[in-house]
Amino acid sequence: MENMINLTIDDIKVQVPKGTTILKAAKSIGIDIPTLCHYELKGQGVENRPGSCRVCMVEVEGKGNLAAACATNVSEGMVVKTHTLRVIMARRTVVDLMLSDHPADCLVCPQSGKCELQKLAVDLGLREVTYSGEKSVYKVDVSPAIIRDVNKCVMCRRCETVCNSLQTVGALSAINRGFPAVVGTAFEQKLSDSTCVMCGQCVQACPVGALSEVDNTRQVMRAISDPKKTVIVQTAPAVRVAIGEEFGMEPGSRVTGKMVTALRMLGFDYVFDTDFAADLTIMEEGTEMLQRLDKYLKGDKDVRLPIMTSCCPGWVNFFETYYPDMLDVPSTAKSPMQMFGAIAKTYWAEKLGIKREDLVVVSIMPCVAKKYECQREEFKTDGNPDVDYSLTTRELADMIKLLSINFADLKEEEFDRPLGESTGAAVIFGATGGVIEAATRTAYELFTKKELGKVDFAELRGLDGVREATVDFNGTPIHIGIAHGLGNARKLLDRVRNGETMFHAIEIMACPGGCVGGAGQPYHHGDFSKVEKRLNAIYEEDRNKPLRKSHENPYIKQLYEEFLGEPCGEKSHKLLHTHYFDKSAKVEEVDD
Amino acid sequence: MSKISLNSTKVEKIKEICASFGNKQGEIINILHKVQGTFGYLPKEVQEVISEEIRMPVAQIYGIVSFYSFFSMKPKGKYPISVCLGTACYVRDSEKILNEFKRQLGVGIGELTPDGKFSLDCLRCVGACGLAPVALVGDKVYGKLTIDKVKDILDEYQD
């Protein structure tokens, strides 16, 4: 046991592996030490512990100075006291100092009630800010999806860590020195001019109100109260396993029916499901995959494989920025949200005799990047977007709270037809590996013309950052790659670019865990077990669906019969497929 | 994202410097020193090219450039003037020397004269405290300065 260390924390003896921090050793025996800058996505290889906030200070016997528990490793015979008067007074001073350069607008801050700094001030019983001095003044930066109010930055550097280590995007870095030091972009340019892909993981990580999503709830409320408008809503799969958390329910609570009821109470004219469009995505993407596969197996050397999923807008922005040489590799299929909008504003609106300009499509997404996606020019017809507004899971919760709806006690209702019907295959879009599993369920049957014995593909599931599996398509081995988190995506993509590994199909999601860990989901404050519970709930939702393969959705069949014709046909191409743009930041060389 | 351009001779020179340090991220400080030594300063475009060459996010490079006061994103004059405001010089009235430079050149700290000839900066200690107050023009050190000597110094650079 030479790699184990014995120490005492608050008079309790504990043995932990060498290299453990005081913070984690204390946690292992149920002692919570308050933190602010510390942020860890357990199992995802990301930990921010710069030891910069000093909130986790503890007393170590024999040491003159207090030690930061998150950044100090245990040593043999160490005696730690976590809550002495000296420790508590030091923590109070630290938080007091932070507040001295922090706007005092807590009551109207988007993070109010969820802010970790606010919670610390409450827990430490701060009743006044003792220090006064210079305050930082910065302009608020608004991108299509993210609001950056650096005045509220506490330099915890969580956003910098997720942007660089988790996502390898590198749009954010600590800049300047001394008092003006802050986390910012290169040359302090606007986020929308930087390499930011709007995945929003920085928003999910920010403990205070320095980073938040653009709030579209007011526009939606206004549309709902406009008698001339028909306002319909679609909800992404990951929302239904997470929104309960906003109302004190256990992570992983499946609240689909309650959510539908709440949406009706909010005044949406029709409550539909993005899952319907997820089934449609599988029809299109699955067909595209089989077409490419067919050409490849017939010896066509020009065909581009692997086919990559294209549902995730953060991922689309990422490859447009960093892999402009591979723009023809991802599937051309639009995301389910955009497919939904395209079908709602054509097929469905025509059916009901609603004019395009009188129809407002709102989406509820676990995502921040979707706000940008729905504003893309290519998803508009005569300036009118297919999806008008995209709200996050948190924004929907805010709207429900606005109406004082007691969410937990709501009865359960069902989605409207036809755009509310979906299969289990669509539900699992919300989990990493889910899209490719859904595609496999359909592609297998279309390719082999045989019925699938077992619809669950355990080999495609899990939370490892990069996963590989080979699925037997009746004698043809199909090699599949999966990555979640853009840093993992980069690893997989570089292997493809260098020709190291041959994949037939790849699924990529920008957020860790897939959409269940999306940036628009309720804040998990670094507790990744919540994301895991949502993930399990997604598979449970799938198991409970009577239909579990996209091509079996009766309303999808009807849609093709009445309107679209065939998957990847002419009409589908016009409405359900897109193209990509080179957004790389390459410096252009000009002649002298 | 905004597209930016830089002339190809400069791009080649930057690539050469990056390559001489093995295109390693760990050499970023040395690369920035060398590139600033060559071009006099580190504008946006130059940082973008370095970023591409050594595969380091440009935000991180800007983080370094904005942290160290030695690095500058503004062009320096043909004759860069630095007035020492370190303790020894300061107590010997170097601030007055600095103000005299400002007055005669008509520029503030970190600025460049319109003809591009002089730029004015201040620094903290050059290790010549015995000569306080001290100013530098390029690499040349001028010690035991008085306000009257400022004009003489500037007159030395009349070409």
Side-chain angles (χ1 to χ4, degrees), chain A residues 143-144 148 155 157 159-198 202 317-318 320-322 324 372 486-487 490 494 497 581-592, chain B residues 1-18 23 25-26 28-29 31-32 35 38-39 41-75 85 109-110 121-124:
Chain A
S143 88
R148 219 162 57 86
M155 272 303 272
R157 304 177 75 169
C159 55
E160 185 189 357
T161 297
V162 293
C163 190
N164 288 275
S165 305
L166 176 69
Q167 303 296 55
T168 64
V169 166
L172 296 173
S173 174
I175 57 169
N176 299 325
R177 178 164 62 165
F179 187 75
V182 80
V183 176
T185 54
F187 322 121
E188 291 163 72
Q189 62 197 349
K190 290 163 76 171
L191 211 50
S192 52
D193 292 333
S194 76
T195 53
C196 173
V197 299
M198 287 177 261
C202 57
N317 292 343
F318 185 76
E320 286 183 327
T321 308
Y322 294 99
Y372 164 74
L486 292 170
R490 193 185 279 277
D494 286 344
R497 197 188 238 169
F581 302 89
D582 179 353
K583 291 186 186 161
S584 61
K586 209 172 155 46
V587 177
E588 217 179 310
E589 285 184 43
V590 291
D591 292 337
D592 299 332
Chain B
M1 203 164 306
S2 49
K3 297 272 175 195
I4 43 171
S5 57
L6 188 67
N7 81 49
S8 39
T9 323
K10 282 187 176 170
V11 173
E12 283 317 308
K13 186 67 203 166
I14 298 166
K15 284 184 179 173
E16 200 181 287
I17 292 170
C18 290
N23 288 326
Q25 294 190 0
I28 180 65
I29 301 270
I31 292 170
L32 290 171
V35 174
T38 308
F39 298 117
Y41 69 120
L42 296 164
K44 244 188 220 191
E45 308 76 53
V46 167
Q47 293 181 45
E48 292 275 6
V49 175
I50 297 172
S51 160
E52 265 177 49
E53 288 308 296
I54 66 169
R55 309 234 151 252
M56 184 175 194
V58 70
Q60 285 180 23
I61 294 176
Y62 174 72
I64 293 164
V65 170
S66 63
F67 182 89
Y68 291 105
S69 54
F70 174 80
F71 294 128
S72 171
M73 283 184 64
K74 285 186 189 148
L85 292 180
I109 296 164
D121 279 294
C122 53
L123 49 74
R124 312 276 162 183

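Labels below follow one simple rule: chain letters A, B, ... track the order of the sequence lines, proteins then strands, and each chain is numbered from 1. Because the structure is predicted, anything quoted here is derived from the model rather than measured.
Residue B:Met73 touches chain A through its side chain alone, counting heavy-atom pairs closer than 4.5 Å. Only the side chain of B:Glu52 comes within less than 4.5 Å of a heavy atom of chain A; its backbone N, CA, C and O stay farther away. Within the 4.5 angstrom heavy-atom criterion, no atom of B:Ser51 approaches chain A. Only the side chain of B:Val11 has a heavy atom closer than 4.5 Å to any heavy atom of chain A. Within the 4.5 angstrom heavy-atom criterion, atoms from both the backbone and the side chain of A:Glu188 approach chain B.
A:Ala171 and B:Ala59 get closest at one heavy-atom pair: O-CB, 3.5 Å. Nearest heavy-atom pair, A:Asn176 versus B:Tyr62, reported as atom, atom and distance to 0.1 Å: OD1-OH, 4.3 Å.
Rounding to the nearest 0.5 angstrom, the gap separating the CD atom in B:Gln47 from the CZ atom in A:Phe187 is 4.0 Å. Remark: B:Arg55 CZ to A:Thr168 OG1 distance equals 11.5 Å, nearest 0.5 Å. The distance from the CG atom of B:Leu6 to the CD atom of A:Glu589 is 8.0 Å, given to the nearest 0.5 Å. Here the CD atom belonging to B:Gln60 is positioned 12.5 Å from the CD1 atom belonging to A:Ile175, to the nearest 0.5 angstrom.
Here the side chains of B:Pro57 and A:Asn164 are in contact, with some heavy-atom distance below 4.5 Å.
Using modelled atom types, one side-chain atom of B:Ser8 and one backbone atom of A:Val590 make a donor-acceptor pair closer than 3.5 Å.
Ranked by non-hydrogen atom pairs under 4.5 Å with chain B, the options A:Arg177, A:Glu160, A:Lys190 are led by A:Arg177.
For B:Phe67, there are no ring pair (Phe, Tyr, Trp, His ring centres under 6.0 Å) partners, not counting sequence neighbours.
Counting heavy atoms of neighbouring residues, nucleotides and ligands inside a 6.0 Å radius, atom OH of B:Tyr68 does not exceed 12 of them.
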